[in-house]
Amino acid sequence: MTAQITKPKKFALTTPLYYVNGVPHIGSAYTTIIADVIARYKRLIGEDVLFITGTDEHGQKIQRTAEEKGLLPQDHCDQIVASFEALWQKLDIQYDRFSRTTAPRHQAIVKEFFERVWDNGDIYLAQQQGWYCVQCEEFKEKRELLEDGCCPLHPNKKAEWRDEENYFFKLSKYQSKLEELYKNNPQFIEPESRRNEILNFINQGLQDFSISRVNLAWGFPIPTDPDHTIYVWFDALLGYVTALLDPEEEPTLNNALSDWWPINLHLIGKDILRFHAIYWPAMLMSAKLPLPQKIFGHGFLTKDGQKMGKSLGNTLDPFELVDKYGADAVRYYFLKEIECGKDGDFNETRFVNILNADLANDLGNLLNRTLGMTQKYCQGSLPKMTATELPQEHSLKTIGLTLGEKVINAYETLKFNEGCEEILTLIQAGNKFIDEQAPWRLFKEGKQAEVEKILYGVLESVRLAAYLLAPIIPNLSSKIYQQLGFSVDFNQSDRLNEVIPFAHHSQWGKLAVNQGLAKPQPIFAKLDLPSEDNP
Ligand SMILES: Nc1ncnc2c1ncn2[C@@H]1O[C@H](COP(=O)(O)OP(=O)(O)OP(=O)(O)O)[C@@H](O)[C@H]1O
Ligand SMILES: [Zn+2]
């Protein structure tokens, strides 16, 4: 008899390909952290993951930025790309592919795709007149602009009048097909508020959009007319497809789409929703290709209510933030404190307070004090008992038994803040349990079995919390697991599900009997409040 080998499920996800008009800021980091958490979660449950990020390097915005710096566009792009890569390393982002739209093989993919759409009769030449926001690389309706003619997302940049001959894509032809798509797949655009935004927009009737520019050197030429340059967005969206090629593979659409297409999730900010939820599926329909499964548009990190952005310069330096507080702290804060989908203001005092409360006081302290007591009362090894010996009404067991399922559901639906809250409930209950049960008193009274029972329940709670938080705080979870006697590093991305199988470790009561415990060491030192609050 031959054993049946079931192949793991595949999951491909992307961040936007970020414009290289400036070094990455905390907003770019926000999307990439969320995508990394999803990728890590999917790997942990044993799925085969392809996590794509990268950079969008063409267009007027980049050409102008390079000119201002007196650099060749390609040199400018290379410099900025290096800082993106450095930031992802600093934040422990485990991406599989970094897609750059200036890669020569990307040009081959764009050309082949363009030709498909052209052959389908969906491209024509016409006059384009309108207001163009170079920062968005998008035409805007007059009514969308602020009174002074600036784009609301870029209130320091005036939209520019354009009147030129462009190639157009027949978006209007796909109106009813797109309506059908949204109707038959209510989960294609999430969250609900973003879906409604797109439904409202499409209800006004879709207009064809121009997919070429004249008088712009920095980009790929239109294959049928080299006087025109392909519109940066047409090119950029295809960067997701190029990323699917294996490193040495010949760049053809067939090769690119053979293994990982269609992509399961495009994670983006709400600023680029229309491109992904309308233009992109229509372009794919025109090329007769399957559509991605889901577009999720999260909210903005804001400063005084305004979107933080490279163009506006009202951002925070993520390098500084990580240097000061560590990668896990930054990752945790954004996932726990901001509902994925809603906007969130960043405030450093709040940041420090949350981390001190959750990671230093609740989680770190619970591990530390419980391990300390285990050293003192149980000679440093795990109480010789199993979770089945704990009564059904045990307060931590009650929470722990259903926690895994709740947290899985939170990860699957991108409700990370709810997942974190659920886990914190167990941690806080653990601290309360120790205070109430006072094992130090029981130890003095010689009630060793009771002491062991208490410590086991609490250590198991910390273990379960650490496991379920591992996609968010991989370094802290590794430290906790190691102190609990497992030789595990959650940053080891392959075979994690074999070493610490999800089906087992995500459940309550799996701490092994007789496991050797390490000496307690604080996992997260309390942070100082930023200087303006700490005179
Ligand atoms: N303030 C923000 N909050 C959340 N995500 C952001 C923010 N700013 C940028 N992003 C992420 O980056 C994507 C946009 O990338 P882009 O390279 O255009 O950055 P940008 O800083 O918004 O640039 P610019 O200010 O020039 O428009 C968004 O879709 C989102 O994924
Ligand atoms: Zn704009």
Side-chain angles (χ1 to χ4, degrees), residues 13-36 38 52-65 68 77 80-81 83-84 87-88 91 93 99-101 130-141 144-146 148-160 194 232-233 236-237 239-240 265-277 280 295-318 330 333-335 337-346 414:
L13 79 163
T14 70
T15 70
L17 303 187
Y18 302 104
Y19 275 130
V20 289
N21 61 316
V23 292
H25 61 88
I26 200 68
S28 357
Y30 179 59
T31 318
T32 312
I33 290 172
I34 299 174
D36 185 62
I38 300 170
I52 297 164
T53 187
T55 42
D56 176 2
E57 306 183 13
H58 285 137
Q60 189 139 39
K61 165 153 138 172
I62 305 305
Q63 183 169 313
R64 280 190 189 168
T65 312
E68 278 161 21
C77 293
I80 302 286
V81 164
S83 66
F84 273 91
L87 181 60
W88 301 155
L91 280 165
I93 305 295
S99 189
R100 296 186 58 178
T101 59
W131 294 101
Y132 194 70
C133 172
V134 174
Q135 306 311 310
C136 288
E137 292 279 14
E138 187 181 18
F139 280 99
K140 304 274 175 183
E141 298 290 331
E144 289 181 292
L145 299 175
L146 301 174
D148 61 356
C150 286
C151 156
L153 286 181
H154 302 105
N156 58 343
K157 304 275 178 188
K158 282 212 171 9
E160 300 171 14
R194 300 283 114 75
V232 58
W233 268 104
L237 289 162
Y240 299 137
L265 172 67
H266 288 303
L267 183 72
I268 55 168
K270 62 183 179 180
D271 48 337
I272 51 176
L273 185 65
R274 280 184 208 170
F275 297 106
H276 286 78
W280 184 221
I295 316 291
F296 191 101
H298 64 65
F300 287 152
L301 299 182
T302 54
K303 180 112 197 267
D304 308 320
Q306 180 75 43
K307 171 184 179 269
M308 290 182 177
K310 291 197 278 306
S311 302
L312 213 55
N314 58 345
T315 61
L316 268 170
D317 179 356
V330 176
Y333 178 82
F334 285 127
L335 277 103
E337 266 313 286
I338 301 171
E339 185 181 330
C340 188
K342 296 252 170 78
D343 291 354
D345 230 52
F346 182 85
L414 277 63

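Reckoned from all heavy atoms, side chains included, excluding hydrogens, waters and symmetry mates. Just follow the structure's listing: the first ligand is 1, and inside any ligand the first atom is 1.
With hydrogens and angles disregarded, no donor-acceptor distance shorter than 3.5 Å links the side chain of D343 to the backbone of G299. Side-chain atoms of R194 do not come within 3.5 Å of backbone N or O of I295 as any donor-acceptor pair. A donor-acceptor pair is defined here as one N or O able to donate and one able to accept, closer than 3.5 Å; no such pair exists between the side chain of T101 and the backbone of A236.
For the pairing with E160, the salt bridge (charged side-chain N to carboxylate O under 4.0 Å, His left out) check across R64, K140, K61 returns one residue only, R64.
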Could you list each nitrogen or oxygen of ligand 1 that sits under 3.5 Å from a protein nitrogen or oxygen, with the atom names and the distance?
residue	atom	partner	partner atom	Å
ligand 1	1 (N)	L301	O	2.9
ligand 1	1 (N)	M308	N	3.4
ligand 1	1 (N)	M308	O	2.7
ligand 1	3 (N)	L301	N	2.7
ligand 1	5 (N)	G27	O	3.4
ligand 1	8 (N)	M308	O	3.3
ligand 1	17 (O)	Y19	N	2.9
ligand 1	17 (O)	K310	NZ	2.6
ligand 1	19 (O)	K310	NZ	2.9
ligand 1	21 (O)	H25	NE2	2.5
ligand 1	21 (O)	K310	N	2.9
ligand 1	22 (O)	K307	NZ	2.4
ligand 1	25 (O)	K310	N	2.9
ligand 1	25 (O)	S311	N	2.9
ligand 1	25 (O)	S311	OG	3.3
ligand 1	26 (O)	N21	ND2	3.0
ligand 1	26 (O)	K61	NZ	2.9
ligand 1	26 (O)	S311	OG	2.4
ligand 1	27 (O)	H154	NE2	2.6
ligand 1	29 (O)	G269	N	3.0
ligand 1	29 (O)	D271	OD1	2.8
ligand 1	31 (O)	T31	OG1	2.7
ligand 1	31 (O)	G269	N	3.3

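To the nearest 0.5 angstrom, T15 atom OG1 is 11.0 Å from I38 atom CD1. Considering CG of N21 and OG1 of T55, their distance stands at 11.5 Å, rounded to 0.5 Å. For the atom pair E137 CD and H58 NE2, the distance stands at 11.5 Å (nearest 0.5 Å).
Protein atoms of type N/O/S that fall under 2.8 Å from the Zn ion (ligand 2) number 4 in this view.
Centroid-to-centroid, the aromatic rings of H276 and Y240 come within less than 6.0 Å.
Aromatic ring pairs are classed by plane angle as parallel below 30°, tilted from 30° to 60° and perpendicular above 60°; the pair W233 and Y19 is perpendicular.
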